[in-house]
Peer 1: 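My questions all concern the structure below.
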2 protein chains.
Amino acid sequence: MKLNYDEGAKIIKALADPNRLKIIDILSCGEMCACDILEHFDFTQPTLSHHMKVLMDCNIVECRKEGLWSYYSLNISNCNKLILFLMNLITDTDECICKDKSKCKC
Amino acid sequence: MKLNYDEGAKIIKALADPNRLKIIDILSCGEMCACDILEHFDFTQPTLSHHMKVLMDCNIVECRKEGLWSYYSLNISNCNKLILFLMNLITDTDECICKDKSKCKC
DNA sequence: TCAGTATATTGATATTTATCTATATATAAT
DNA sequence: ATTATATATAGATAAATATCAATATACTGA
């Protein structure tokens with residue numbers, strides 16, 4: 001599966017916040033429940049809930065419910081796909097938009 | 001140099017737009033002047049100028065002036081640093097925030 | 001010097017978003 | 001049943017931002 005600009009931008013937008021980057025860093029060690037994640041931050045519980053929703057909407061983070069708790073974890077495969085997308089983007093490949101002679105003279 | 005969450009988020013925010021992703025894709029083949037970049041888009045010249053400013057403010061893109069023309073190019077080294085930042089973020093490394101026992105029980 | 005061209009800046013507007021308080025939901029324990 | 005706890009949702013607000021039209025700047029060529 002190859003991401004297009006819109007799909008890529010949606011995921012990147014989800015990462016484009018220092019607090020959400022920190023959440024991803026925290027989850028890189030393994031799954032963690034919301035209340036434990038919240039301890040690392042100064043904002044309120046609904047704000048964390050909002051951030052987790054943003055990360056889940058783009059499938060970078062997943063959730064497992066157990067009793068009262070929600071355990072969050074990274075979807076590493078999708079994280080890797082995003083990084084691959086970025087590496088493709090900055091690399092001069094044959095499929096690059098630049099090679100479309102119909103629109104570009106380069 | 002290691003990026004922190006704020007620095008990382010600033011760069012990622014600059015990429016968090018489908019049009020700017022396309023600009024980066026276009027520049028991955030080499031430098032190009034603004035008017036040639038603009039041909040790939042439907043928006044106006046001031047809008048492109050705005051997008052280029054955003055990309056330059058976070059040092060992902062550089063500009064070389066020659067007469068009337070502004071030639072833009074990727075700063076590949078900084079692009080790579082961003083990708084490295086993301087790879088570190090999603091990887092369970094020793095420097096991970098999780099290992100800070102003072103705040104986290106994981 | 002004047003006209004034309006490439007790009008940047010300004011100011012305005014509509015949309016998005018990060019955050020909060022208040023409240024709802026759902027589960028667990030007594 | 002009632003109370004407590006973990007999380008989600010709703011609604012409001014302030015800040016950020018993508019875009020445009022209009023204008024400014026700066027260089028080129030006649």
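We name chains A, B, ... by the order of the sequence lines, and we start the count at 1 in each one.
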Peer 1: Whole angstrom is fine here: how far is it from OH in B:Tyr5 over to P in C:dA18?
Peer 2: 18 Å
Peer 1: Are A:Phe41 and A:Met56 joined in one hydrophobic group, where the rule is that I, L, V, M, F, W and Y side chains link up if heavy atoms are under 4.5 Å apart?
Peer 2: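 In one cluster with A:Phe41: A:Met56, yes.
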Peer 1: Tell me the interatomic distance from A:Leu68, atom CG, to D:dT7, atom P, rounded to whole angstroms.
Peer 2: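 For the pair A:Leu68 CG and D:dT7 P, the rounded distance is 8 Å.
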Peer 1: Quick check on C:dT19: is either OP1 or OP2 less than 4.0 Å from any side-chain nitrogen or oxygen of A:His51?
Peer 2: yes
Peer 1: If you compare every side-chain N and O of B:Lys53 against the phosphate oxygens of D:dA18 (OP1, OP2), does one of them come in below 4.0 Å?
Peer 2: no
Peer 1: Looking at the side chain of B:His50, which of D:dA18, D:dA8, C:dT7 is the nearest nucleotide?
Peer 2: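 Of the candidates, D:dA18 comes closest.
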Peer 1: What is the distance from CG of B:Asn19 to C1' of D:dT17, rounded to the nearest Å?
Peer 2: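 Going from B:Asn19 (CG) to D:dT17 (C1'), I get 13 Å.
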Peer 1: Once rounded to the nearest 0.5 Å, what's the spacing between atom CG of A:Leu55 and atom CD1 of A:Ile11?
Peer 2: 11.0 Å
Peer 1: In this structure, how many angstroms lie between the P atom of C:dT17 and the NZ atom of A:Lys10, rounded?
Peer 2: 10 Å
Peer 1: Can you tell me how far P of C:dT16 sits from CG of B:Asp17, to the nearest Å?
Peer 2: 13 Å
Peer 1: Confirm from the modelled atom types if B:Gln45 and C:dA8 form a donor-acceptor pair under 3.5 Å, side chain to base only.
Peer 2: yes
Peer 1: Can you tell me if B:Thr47 touches the phosphate of D:dT19, counting only side-chain N or O atoms and a distance under 4.0 Å to OP1 or OP2?
Peer 2: no
Peer 1: Take atom CG of B:Leu38 and atom P of D:dC20, then tell me their distance rounded to the nearest Å.
Peer 2: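 Atom CG in B:Leu38 sits about 10 Å away from atom P in D:dC20.
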Peer 1: Can you measure B:Lys13 atom NZ to D:dA18 atom C1' for me and round it to whole angstrom units?
Peer 2: 14 Å
Peer 1: As a test of reading the structure: which of C:dT21, D:dA18, D:dT7 is closest to the side chain of A:Lys65, going by heavy atoms?
Peer 2: D:dT7
Peer 1: D:dC20 phosphate, OP1 or OP2: any side-chain N/O from B:Thr44 under 4.0 angstrom?
Peer 2: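 Answer yes for this pair, as a side-chain N or O of B:Thr44 is under 4.0 Å from OP1 or OP2.
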Peer 1: Could you state the CH2-C1' distance from A:Trp69 to C:dA28, rounded to the nearest angstrom?
Peer 2: 8 Å
Peer 1: Can B:Asp25 and A:Tyr5 be counted as having a side-chain donor-acceptor contact under 3.5 angstrom?
Peer 2: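 Present: a donor and an acceptor within the cut-off.
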Peer 1: What is the distance from atom CG of B:Leu82 to atom CE of B:Met87, rounded to the nearest 0.5 Å?
Peer 2: 11.5 Å
Peer 1: Under 4.0 Å, heavy atoms only, any strand: does B:Tyr71 hit a base, just the sugar-phosphate, or nothing?
Peer 2: nothing
Peer 1: Between A:Glu62 and A:Arg64, is the closest basic N to carboxylate O distance under 4.0 Å?
Peer 2: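 So A:Arg64 does not pair with A:Glu62 through a salt bridge.
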